[in-house]
Trainee: 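I have a structure here, written as structure tokens, and I will follow up with some questions on it.
Counting convention: from 1, in listed order, for ligands and their atoms alike. Computed from a prediction, not measured in an experiment: that's the story for all the values here.
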Amino acid sequence: MSCYQAAWEKLFKYMDIEPRLLPPSVNGFKLDPEQVRDALDEHTIGVVCIMGNHYGGQYDPAAEINEVVEEVNARKGYQVGIHVDAASGGFIAPFQQGVPPWDFRLNNVLSISASGHKYGQSCCGTGWVLWRRRADLSDHVGISVSYLGGKAHSYTLNFSRPASGVYSQYYKFLHYGMTGYRQCNDNMMANAKFLRDGLRAMTHGDKPRFELLDDGDEHCLPVVTLRLNPECEFPYDDIDWQHGISQHHWYVGSYRMQFNHPVSEQTLPLFHDAGAEESMFRIVVKTHLTRNMAEHLLDSFRATADFFDAVDFSVIPDFQMHHLRHKDQRRLTNHC
Ligand SMILES: *Cc1c(COP(=O)(O)O)cnc(C)c1O
């Protein structure tokens with residue numbers, strides 16, 4: 001899917017892998033199983049499902065994609081497997097009720113990755129990958145060394161790695177336990193809902209000021225993704241909004257709905273049904289965002305709205321031109 005995280009761009013480039021990037025709909029941000037069916041061929045190495053993309057926090061429908069892969073494998077004699085990129089969702093989805101199966105319960109899921117340093121709450125650089133079977137990690141790439149006193153297996157590009165992340169993760173596992181991680185999840189999801197409800201209630205005239213683009217209040221990451229309501233026809237965009245909010249010391253990441261194709265280097269639309277110049281922004285809720293802070297963030301949104309509403313953009317000479325020129329500059333810096 002085109003909503004992949006930059007880590008995948010490295011894989012494509014370093015390992016010379018041709019990605020088949022399927023653009024989802026802006027009304028969902030999810031891999032479409034039918035598009036997957038059409039994209040599979042005899043050269044396919046595997047299918048990646050993202051459990052929580054970094055744009056909107058939605059989970060790809062892994063169970064449905066598993067069925068498509070099963071059917072195509074049976075019909076064509078392929079052995080295509082699924083990798084689940086649970087970098088963010090790996091420490092969220094297991095603590096949510098009613099998420100459809102996305103892990104080794106699905107027979108074609110062969111490997112799962114998760115970042116310890118995101119919702120695992122370890123320190124930066126800690127990541128995990130699990131294989132369904134030992135045999136699926138080829139001995140050709142899984143290096144075994146014996147000169148450090150006993151056998152050690154390694155599957156990393158660099159060799160020496162700090163152990164601090166593992167210790168930090170171990171401490172968090174023991175400190176929180178399953179109950180603690182579940183409580184953290186529930187708090188973050190409740191704060192994300194609190195923000196969504198507050199943002200949904202903000203209006204401009206008789207119209208909602210924002211359009212919410214994320215997956216709602218459950219079965220997704222605690223990420224709130226939205227854009228200024230296009231119907232309001234504001235003379236500024238979501239990227240200006242990020243700058244407005246930053247005056248209140250909040251960093252709310254805004255993006256254009258575009259990505260840089262890792263092979264052709266072309267700038268392409270992220271979604272099949274939204275223009276590459278359109279924009280959005282997101283709030284990532286983490287454990288340290290307290291309810292008081294969430295209230296302050298909503299107040300900052302209100303203050304930013306009041307500030308922008310009080311400006312008569314028509315009297316600012318060259319605003320439109322200046323604004324567009326500005327946009328051009330930002331395009332170079334804003335797609336990570
Ligand atoms: C963060 C992220 C990655 C990269 O993981 P790191 O642990 O930072 O290397 C990959 N995929 C997704 C969906 C991510 O959110």
Side-chain angles (χ1 to χ4, degrees), residues 1-15 17 19-24 28-31 36 45-62 65 82-96 99 102-103 109-131 154-159 161-170 172-173 185 188-189 192 213-215 219-225 251-255 257 259-260 262 270-271 280-287 335-336:
M1 183 170 69
S2 53
C3 293
Y4 63 89
Q5 202 264 359
W8 288 99
E9 195 166 341
K10 295 190 170 207
L11 178 85
F12 306 144
K13 289 191 170 168
Y14 299 176
M15 301 292 180
I17 290 171
R20 298 267 163 92
L21 301 171
L22 309 175
F29 297 36
K30 287 181 198 178
L31 191 53
V36 173
I45 301 171
V47 178
V48 178
C49 290
I50 307 175
M51 279 303 281
N53 68 71
H54 65 292
Y55 293 101
Q58 297 87 348
Y59 298 158
D60 279 340
I65 288 159
I82 298 173
H83 174 78
V84 177
D85 174 358
S88 291
F91 286 91
I92 291 288
F95 305 105
Q96 295 177 331
V99 177
W102 55 274
D103 48 23
V109 171
L110 303 185
S111 52
I112 302 174
S113 50
S115 302
H117 65 95
K118 292 183 179 169
Y119 290 110
Q121 303 186 44
S122 179
C123 53
C124 198
T126 317
W128 307 98
V129 57
L130 304 175
W131 277 268
S154 166
Y155 177 56
T156 50
L157 283 183
N158 51 341
F159 185 72
R161 304 245 318 136
S164 47
V166 176
Y167 284 114
S168 167
Q169 183 81 84
Y170 190 38
K172 289 292 173 85
F173 282 165
N185 169 76
M188 291 185 287
M189 292 302 283
L213 298 171
D214 58 53
D215 222 5
H219 304 176
C220 55
L221 302 179
V223 166
V224 182
T225 300
Y251 177 80
V252 173
S254 56
Y255 306 84
M257 295 185 182
F259 73 103
N260 200 30
L270 197 54
F271 304 108
M280 58 183 164
F281 59 94
R282 64 158 202 197
I283 302 163
V284 179
V285 176
K286 295 190 166 172
T287 43
H335 42 227
C336 43

Trainee: When you compare the side chains of Thr126 and His117, does any donor N or O come within less than 3.5 Å of an acceptor on the partner?
Mentor: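 Note: Thr126 and His117 side chains miss the donor-acceptor criterion.
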Trainee: Could you tell me whether atom 9 (O) of ligand 1 has a protein heavy atom closer than 4.0 Å?
Mentor: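 So far as the 4.0 Å threshold goes, atom 9 (O) of ligand 1 is out of reach of every protein heavy atom.
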Trainee: Any atom of ligand 1 sitting under 4.0 Å from a heavy atom of Ser88?
Mentor: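 Heavy atoms of Ser88 do come under 4.0 Å of ligand 1.
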Trainee: Is the ring pair Tyr255/His54 parallel, tilted or perpendicular, if the boundaries are 30 and 60 degrees?
Mentor: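 Perpendicular: the ring planes of Tyr255 and His54 meet at over 60°.
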Trainee: Taking heavy atoms and a distance under 4.0 Å, where does Ile50 meet ligand 1: side chain, backbone, both or neither?
Mentor: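 Under 4.0 Å from ligand 1, Ile50 contributes side-chain atoms alone.
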Trainee: Side-chain contact, heavy-atom cut-off 4.5 Å: Arg282 with Tyr55?
Mentor: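 A side-chain contact under 4.5 Å is absent here.
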Trainee: I'd like to check which ligand 1 atoms, numbered from 1 as shown, lie under 4.0 Å from a non-hydrogen atom of His117.
Mentor: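 Counting atoms of ligand 1 from 1, those under 4.0 Å from His117 are 6 (P), 7 (O), 8 (O).
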Trainee: Provide, to 0.1 Å, the distance between atom 4 (C) of ligand 1 and the closest protein heavy atom, together with that atom's residue and name.
Mentor: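 Ranked first by proximity to atom 4 (C) of ligand 1 is Gln5 OE1, 3.4 Å.
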Trainee: Students should be able to answer this: which protein heavy-atom is nearest to atom 15 (O) of ligand 1, and at what distance?
Mentor: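 Ranked first by proximity to atom 15 (O) of ligand 1 is Lys118 NZ, 2.7 Å.
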Trainee: Could you tell me whether the side chains of Gln58 and Asp214 share a donor-acceptor contact shorter than 3.5 Å?
Mentor: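 Note: Gln58 and Asp214 side chains miss the donor-acceptor criterion.
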Trainee: Of all heavy-atom pairs between Val48 and Asp85, which one has the smallest distance, and what is that distance?
Mentor: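 Closest approach of Val48 to Asp85: CG1-CB, 4.1 Å.
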Trainee: Show the nearest heavy-atom pair for residues Gly90 and Trp102, with the distance to one decimal.
Mentor: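 Shortest heavy-atom contact: CA-CH2, 4.4 Å.
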Trainee: Does Met51 reach ligand 1, in the sense of a heavy atom lying below 4.0 Å from it?
Mentor: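 Contact check Met51 vs ligand 1: negative.
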Trainee: What atoms of ligand 1 come within less than 4.0 Å of a heavy atom belonging to Ser115?
Mentor: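 Numbered from 1, ligand 1 contributes 5 (O), 6 (P), 7 (O).
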Trainee: Any side-chain heavy atom of Ile112 sitting closer than 4.5 Å to one from Met51?
Mentor: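 No, their side chains stay 4.5 Å or more apart.
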Trainee: Of the non-hydrogen atoms in Asn185 and Phe95, which two are nearest, and what is the gap between them?
Mentor: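 Closest approach of Asn185 to Phe95: ND2-O, 3.4 Å.
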Trainee: What are the atoms of ligand 1, with element, lying closer than 4.0 Å to any heavy atom of Ala7?
Mentor: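 Answer, ordered by atom number: 4 (C).
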Trainee: I need the nearest protein heavy-atom contact for atom 11 (N) of ligand 1: residue, atom name and distance, please.
Mentor: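 In this structure, atom 11 (N) of ligand 1 has Asp85 OD2, 2.6 Å as its nearest protein heavy atom.
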Trainee: Numbering the atoms of ligand 1 from 1, which are under 4.0 Å from a heavy atom of Ala87?
Mentor: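 Ligand 1 atoms under the 4.0 Å threshold to Ala87: 2 (C), 3 (C), 10 (C), 11 (N), 12 (C), 14 (C), 15 (O).
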